[in-house]
Amino acid sequence: MSTTLLRSARLASSLSSISRTFLHQGAPVKHLHTSLKTHYAASNSPPPAEGFLPGVANSQLIKHTHHDALRNPELAGVANGETKKMNTFQAINDAMSIALATDDTACVFGEDVGFGGVFRCTMGLADMFGRDRVFNTPLTEQGIAGFGIGMAAMGSTAIAEIQFADYIFPAFDQIVNEAAKYRYRSGGEFNVGGLCIRTPCGAVGHGGHYHSQSPEAYFAHTPGIKVVVPRSPIQAKGLLLASIRDRNPTIFMEPKILYRAAVEMVPVGDYELPLGKAEILTQGKDLTIIGWGAQLYVLENAIQLAQKRMPGLSVELIDLRSILPWDVETVCNSVNKTGRLLIAHEAPRTQGFAAEIASTVMERCFLRLEAPIQRVCSYDTPFPLVFEKFHVPDMIRCAEGIERAMKF
Amino acid sequence: MLSTQKISLAKVAAKAFITPLTVRTFASSAARNVSINLHKGSFESYNCDAPALDVEISKEELVRMYKSMVTMRRMEMASDGLYKAKLIRGFCHLCTGQEAVAVGMETALTAEDKIITAYRCHGFTYMRGGSITSILAELLGRKAGISGGKGGSMHMFTPNFFGGNGIVGAQVPLGAGIAFAQKYLGHKAATFSLYGDGASNQGQVFEAYNMAKLWELPAVFVCENNRYGMGTAANRSSANTSYFKRGDYIPGLKVNGMDVLAVHQAVAYAKEWTVSGKGPLLLEMETYRYGGHSMSDPGTTYRTREEIQHMRSNNDPITGLKQRLLEFNIITEDEMKAIDKAARVEVDQAVEEAKASGEPDLSEFWTQIYQKDAGIPYVRGREPEEFHRY
């Protein structure tokens, strides 16, 4: 208990002192969640790299209070512990801190992680755990992935960061051909279970072609790796710890728009959330909606919009959490209950992960389906800069999808 | 005879913003060229001879260089202001301080030579024929933009300039491919592939080196070493910071990239080298950016303000050329001020034009994904029945 306090205190103080150097306005870290508008409206500074998503603060999916957060049965292990107000990057930082503290072989590396990273996810880690465990790599994604695979093959825990998911493609061969297949082709002699690749993904308002992509579908097509997408700070910390400790190579995709926008009371203890299991966020009987990451907040708004037009609409909202392996049971049980399904994601429609879910649900729930499965996704174009608002599946399009499913 | 000479010189001078009155001082064509001696430390070579230190260049060319650099700097400063006013969104990488590389390169090349670079491309776009209005409009995401407003800061192209590339290092093998096509088609021209000190560690750069040397391509690889890969100092990212030697079997040349004449000389030398069939060459331009990596980066967390100030006061490319122009009596202070003023007016006007341009039509969202009649029948839209046909 005392070491936890000490670690949290050290983390908090190092976070605030380092953040004071980096934050333009010099405000302490704990005030980050309040009035984003006053921070940036009057200043001459550019918008933050991770964008704004003001609606998240009012979301019912976010656990604003200590008791709300600990009511989650999955957090039974830390139900008696403390919680602390953290945003997503702080929760991710905390998770890595715990991972480094509990696993001597763990190292964190990537581009610019030493000073804290472009999204501050690695703030203070180099100071706390030493520069031989938290270090910068040169600008080489393929090198980073390969290097991480090598380290993990020796049994170490390699927490690699790819600065933006859009840059993961030079590393694609290493992940798909090396990491995913190591255990299989060596007959179990070697495995790279200790590898966890973290990468910020998703639309951010101004990211353009190469700072907005969601590449989960490319990796979902690869047996041998796991792909995880968290929706909030509590989820991010638990899922990241699970991903790091799971003895399979995992890609952890962090929706970058949530780094500051999502703030919750996060348990300070060591806890993991299960991989391969979806979470039912709201129970319902008319329609099942599946999403992951930041899209869930859009879906929440879409549901509210749809409920205005169709009073009494009862929706079961599911956060898939793990893209690979995905929780087929929970989804199919839900569709068997409701008979209608809508899936929404930011990646383009053709061959997006919604296609996989739709196919499997069709196979298993064919006779139960009351309406065609709706997929509300981005259009099949490269991710545009000026046209971003049209490209992504916003709440209007999702609400339209709900209506199409209900009124078939 | 003198009067006819004055008229023709006046025409040339009018293009270079020199008043006919001063043209009278250089009466004969021989005196139009200046011989300038570069500083001894301008070049360092690896497995090749360094270019000559004395540069023969015409006065008009020098004034054109000055005007280009001043206009480029004004344009970048205007972009800075527009970004802070939130009219430019997204990522914006400015080349303030690195003007000499783009300008010195352009003056030594022809329109047949090709250039490809990474995301710090506004200056190159301007030098390769992009109008200031189209560049600023592209940053603003407007119809008048050089890519129709669809690309943004990192994606600007002209017929002999291949951009403007967002993924670090990805443009270098592309450059090798362009050079191959030039050799295959028998063009007597070269391709200059630029990348930074950070990108120099990308594996694909070495793959490009190998292919270029194996097939003796007219490719010149140019490392713009501005000492920092975003926030990482060169010596913390690279085991070997002599970027001009990293080509191993490809000869290299290190150049003072803050001196536009040194750049000009080196690029002319490199073009001659590759086009004459000697294969690829590596150039390292030692340069510096005053601003941060991009507009989101203050640029002061990984380097001292003193360092930036020092480079600005002692090594600024525009100041350096200014001193040369005055030393060789090429133009007067007043004429320089006139050029500065004209550049400011030109850029301000371009800003207004760019702002006045509208956003691209929504139909542009669906265009240019495929080539028409490419055999791919359609792109699906909002409704099941919505198709955009090609």
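Just so we're clear, the structure is a prediction, and the values are computed from it rather than from any experiment.
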Mind ranking B:Glu359, B:Lys150, B:His155 by heavy-atom pairs under 4.5 Å with chain A and telling me who comes out on top?
B:His155
Measuring heavy-atom distances to chain B, does A:Val118 have an atom under 4.5 Å in its side chain, in its backbone, in both, or in neither?
side chain
Quick check: closest heavy atoms across B:Gly149 and A:Val386, and the distance to 0.1 Å?
O-CG2, 3.2 Å
Most contact-rich option vs chain B, by heavy-atom pairs under 4.5 angstrom, among A:Thr137, A:Thr140, A:Asn136, is A:Thr140
Would you say B:Ile369 and A:Thr381 make side-chain contact, with heavy atoms under 4.5 Å?
yes
Looking only at heavy atoms, which of residues 226-236 of chain B get nearer than 4.5 Å to chain A?
B:Met230, B:Gly231, B:Thr232, B:Arg236
At what distance, to the nearest 0.5 angstrom, does CG of B:Asn165 lie from OH of A:Tyr210?
7.0 Å
Does a sphere of radius 6.0 Å around CZ in A:Phe135 hold more than 12 heavy atoms from other residues, nucleotides or ligands, not counting ones at 6.0 Å or beyond?
yes
Could you check whether the rings of A:Phe387 and B:Phe365 sit parallel, tilted or perpendicular, using 30° and 60° as the cut-offs?
tilted
Grab the two heavy atoms, one from B:Phe91 and one from A:His211, that are nearest each other, plus how far apart they are.
CE1-CG, 3.3 Å
As an exercise: rank A:Glu141, A:His391, A:Gln142 by heavy-atom pairs under 4.5 Å with chain B and give me the winner.
A:His391
Check whether any side-chain heavy atom of B:Thr301 lies under 4.5 Å from a side-chain heavy atom of A:Phe115, and answer yes or no.
no
Between A:Asp166 and B:Ile167, what is the shortest heavy-atom contact and its length?
O-CD1, 3.9 Å
Which bit of A:Gln163 comes within less than 4.5 Å of chain B, counting heavy atoms only: side chain, backbone, both or neither?
side chain
Rounded to the nearest 0.5 Å, what's the gap from OH on B:Tyr302 to CG on A:Asp112? Could you check?
9.5 Å
Honestly, the part of B:Asp80 sitting under 4.5 Å from a heavy atom of chain A is neither
